[in-house]
Trainee: 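Here's a structure for you.
Only this structure's heavy atoms are used, side chains among them; waters, hydrogens and symmetry mates stay out. A quick note: this is a predicted structure, and the numbers were derived from the prediction, not measured. One is the number of the first residue; the rest follow in order along the sequence.
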Amino acid sequence: MISHLCKLIFRLTGWRTDGNRPPQLKKCIILAAPHTSNWDFWYSMATFAIYRLPIRFTVKKEWVKFPFSLLMNPLGAIAIDRRPRGPNNTRPSFIDAMTDLFSKQEELIILITPEGTRGRVKNWKTGFYHVALAAKVPVLLGYVDYKKKVTGISNPIFLSDYQTDMKNIMDFYKSINPKYPDKFSVDTSFSANS
């Protein structure tokens, strides 16, 4: 039902998906970039609904409490518990918490915005890369291209070499047109030799 509604809305507004529905994966990370507008989230969620992908995304724990939980939980929000697991334990890192989450789930597709903000950033947060390696899951590249009015997801990338993988990711996003181009930049530390 939701899939058909999203397809109809896309058709009526001139948007479309690229048709490249990723293979059935039980566990993976999908990057969401460029992230320059709140609209990016809604176009992405519509795309995942059309592709029938059970996407989850992390939020601050306050966002999964009432009354926000009424909206956030059905959308796929998941709070990461990074509290120490005892009085003498340290707080787990984001990477440790996410890796632990993947190990405890039979199926988990997590959406991550590597820019971490809708504003322009020079360097992306690369925690997703380290989580994918530790959890042994592939990374897919999700995107919303406003100029072409197309959304999509790349084929899985099985990570092997940090520099090469990150350069390939940056090269992919160079051709994507964000809603606000002045707020988007690929990570120059990986694309300088392109």
Trainee: Return the set of residues passing ring-ring contact (aromatic ring centres under 6.0 Å, His included) with Tyr51 (not counting sequence neighbours), or none when no residue passes.
Mentor: none

Trainee: On a heavy-atom basis, which atom in Lys179 and which in Ser37 lie closest, and how many Å separate them?
Mentor: CD-OG, 3.5 Å

Trainee: Side chains of Ser44 and Thr151: closer than 4.5 Å at any heavy-atom pair?
Mentor: no

Trainee: Give the cluster check for Leu71 versus Ile55: same hydrophobic cluster or not, with ILVMFWY residues linked at side-chain heavy-atom distances below 4.5 Å.
Mentor: yes

Trainee: Say you draw a straight line from CG of Leu159 to OG1 of Thr164; how long is it, rounded to the nearest 0.5 Å?
Mentor: 11.0 Å

Trainee: At their closest point, which heavy atom of Phe48 faces which heavy atom of Ile153, and how far apart are they?
Mentor: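 Of all heavy-atom pairs spanning Phe48 and Ile153, the closest is CE2-CD1, 3.5 Å.
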
Trainee: Rounded to the nearest 0.5 Å, what's the gap from SG on Cys28 to CD1 on Ile109? Could you check?
Mentor: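 Between atom SG of Cys28 and atom CD1 of Ile109 there are 4.5 Å.
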
Trainee: Under the rule for side-chain contact (heavy atoms from CB on, under 4.5 Å), what residues qualify as partners of Lys148, not counting sequence neighbours?
Mentor: Asp145, Val150, Asn177

Trainee: Answer whether the closest heavy-atom distance between the side chains of Tyr173 and Leu31 falls below 4.5 Å.
Mentor: yes

Trainee: Would you indicate whether the side-chain heavy atoms of His130 and Tyr162 approach each other to under 4.5 Å?
Mentor: yes

Trainee: Could you walk me through whether Arg56 and Leu108 satisfy the side-chain contact (heavy atoms from CB on, under 4.5 Å) test, starting with their C-alpha distance in whole Å, then the side-chain angles of each, then the deciding distance to 0.1 Å, before giving a yes or no?
Mentor: CA-CA 7 Å; Arg56 306 295 302 270; Leu108 184 61; 3.8 Å; yes

Trainee: For Lys65, check side-chain contact (heavy atoms from CB on, under 4.5 Å) against everything at least two apart and list the hits.
Mentor: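 Not a single residue meets the side-chain contact (heavy atoms from CB on, under 4.5 Å) criterion with Lys65.
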
Trainee: Taking everything shown except Lys149 itself, do over 12 heavy atoms lie less than 6.0 Å from its NZ?
Mentor: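 Enclosed: over 12 neighbouring heavy atoms sit under 6.0 Å from NZ of Lys149.
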
Trainee: Is any side-chain heavy atom of Met98 less than 4.5 Å from a side-chain heavy atom of Ile112?
Mentor: yes

Trainee: Hydrophobic cluster mates of Leu8, side-chain heavy atoms under 4.5 angstrom, ILVMFWY only, any path?
Mentor: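 Same cluster as Leu8: Leu12.
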
Trainee: Which residues pass the ring-ring contact (aromatic ring centres under 6.0 Å, His included) test with Tyr180, sequence neighbours left out?
Mentor: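 Applying ring-ring contact (aromatic ring centres under 6.0 Å, His included) to Tyr180 gives none.
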
Trainee: With sequence neighbours excluded, what pairs up with Ala32 under the side-chain contact (heavy atoms from CB on, under 4.5 Å) test?
Mentor: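 If we apply the side-chain contact (heavy atoms from CB on, under 4.5 Å) test to Ala32, skipping adjacent residues, the hits are Leu111, Thr113.
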
Trainee: Can you tell me how far apart CD (Gln24) and CD (Glu107) are? Round to the nearest 0.5 Å.
Mentor: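 Spacing of CD (Gln24) from CD (Glu107) equals 9.0 Å.
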
Trainee: Is there a donor-acceptor pair under 3.5 Å between the side chain of Lys104 and the backbone N or O of Thr99?
Mentor: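 Absent.
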
Trainee: About how many Å separate CE of Met166 and CG of Asn168, when rounded to the nearest 0.5 Å?
Mentor: 10.5 Å

Trainee: Just by modelled atom types, is the Asp161 backbone N or O under 3.5 Å from a matching donor or acceptor in the Asp165 side chain?
Mentor: yes

Trainee: Tell me, do Val144 and Pro34 make a side-chain contact under 4.5 Å, heavy atoms counted?
Mentor: no

Trainee: For a 4.5 angstrom cut-off between non-hydrogen side-chain atoms, does Ile110 reach Leu101?
Mentor: yes

Trainee: For Phe57, which residues count as a ring-ring contact (aromatic ring centres under 6.0 Å, His included) partner, sequence neighbours excluded?
Mentor: Phe41

Trainee: Rest of the hydrophobic cluster containing Leu70 (Ile/Leu/Val/Met/Phe/Trp/Tyr, side-chain heavy atoms under 4.5 Å)?
Mentor: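 Traced through the cluster, Leu70 reaches Phe66.
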
Trainee: So, using ring-ring contact (aromatic ring centres under 6.0 Å, His included) as the criterion, who are the partners of Tyr143 when residues are at least two apart?
Mentor: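 Tyr143 satisfies ring-ring contact (aromatic ring centres under 6.0 Å, His included) with Phe172 once adjacent residues are dropped.
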
Trainee: Would you please name every residue forming a side-chain contact (heavy atoms from CB on, under 4.5 Å) with Asn155, sequence neighbours left out?
Mentor: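 By the side-chain contact (heavy atoms from CB on, under 4.5 Å) rule, Asn155 matches Asn20.
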
Trainee: Should Lys167 and Gln163 be marked as a side-chain contact (heavy atoms from CB on, under 4.5 Å) after you check the CA-CA gap, both sets of side-chain angles, and the distance that decides it?
Mentor: CA-CA 6 Å; Lys167 183 184 177 305; Gln163 291 293 327; over 6 Å; no

Trainee: Would you say the side chain of Ile29 lies within less than 4.5 Å of the side chain of Leu140, judging by non-hydrogen atoms?
Mentor: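 Of all side-chain heavy-atom pairs linking Ile29 with Leu140, none is under 4.5 Å.
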
Trainee: Check the surroundings of atom CG in Leu75: do more than 12 heavy atoms from other residues, nucleotides or ligands lie under 6.0 Å from it?
Mentor: yes

Trainee: Measure the CG-CZ distance between Leu133 and Phe128 for me, rounded to the nearest 0.5 Å.
Mentor: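 Answer for the CG-CZ pair, Leu133 versus Phe128, is 10.0 Å.
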
Trainee: So, the side chain of Lys27 versus the backbone of Phe102: is there a donor-acceptor pair under 3.5 Å, distance only?
Mentor: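 Side chain of Lys27 to backbone of Phe102, a donor-acceptor pair under 3.5 Å: yes, one is there.
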
Trainee: Apply side chain to side chain donor-acceptor pair (under 3.5 Å) to Ser103 and list each qualifying residue two or more places apart in sequence or on a separate chain.
Mentor: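 Side chain to side chain donor-acceptor pair (under 3.5 Å) list for Ser103, sorted by chain: empty.
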
Trainee: Of all heavy-atom pairs between Gly152 and Asp18, which one has the smallest distance, and what is that distance?
Mentor: CA-OD2, 3.5 Å

Trainee: Return the minimal non-hydrogen interatomic distance between Pro138 and Pro156, and the atom names on each side.
Mentor: CB-CB, 3.9 Å

Trainee: Are the side chain of Thr13 and the backbone of Phe10 linked by a donor-acceptor contact shorter than 3.5 Å?
Mentor: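 At least one qualifying donor-acceptor pair exists.
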
Trainee: Atom NZ of Lys174 and atom CD1 of Ile169: how far apart are they, to the nearest 0.5 Å?
Mentor: 13.5 Å

Trainee: Who pairs with Tyr146 by side chain to side chain donor-acceptor pair (under 3.5 Å), at least two apart in sequence or on another chain?
Mentor: Asp40

Trainee: According to a 4.5 Å side-chain heavy-atom criterion applied to Ile, Leu, Val, Met, Phe, Trp and Tyr, with indirect links allowed, do Leu53 and Trp42 form part of one hydrophobic cluster?
Mentor: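 Yes.
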
Trainee: If only atom types and distance count, is the side chain of Thr126 paired as donor or acceptor with the main-chain N or O of Tyr129 below 3.5 Å?
Mentor: no

Trainee: Quick one: does Ser3's side chain get under 4.5 Å of Arg52's, heavy atoms only?
Mentor: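 Ser3 vs Arg52: side chains touch.
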
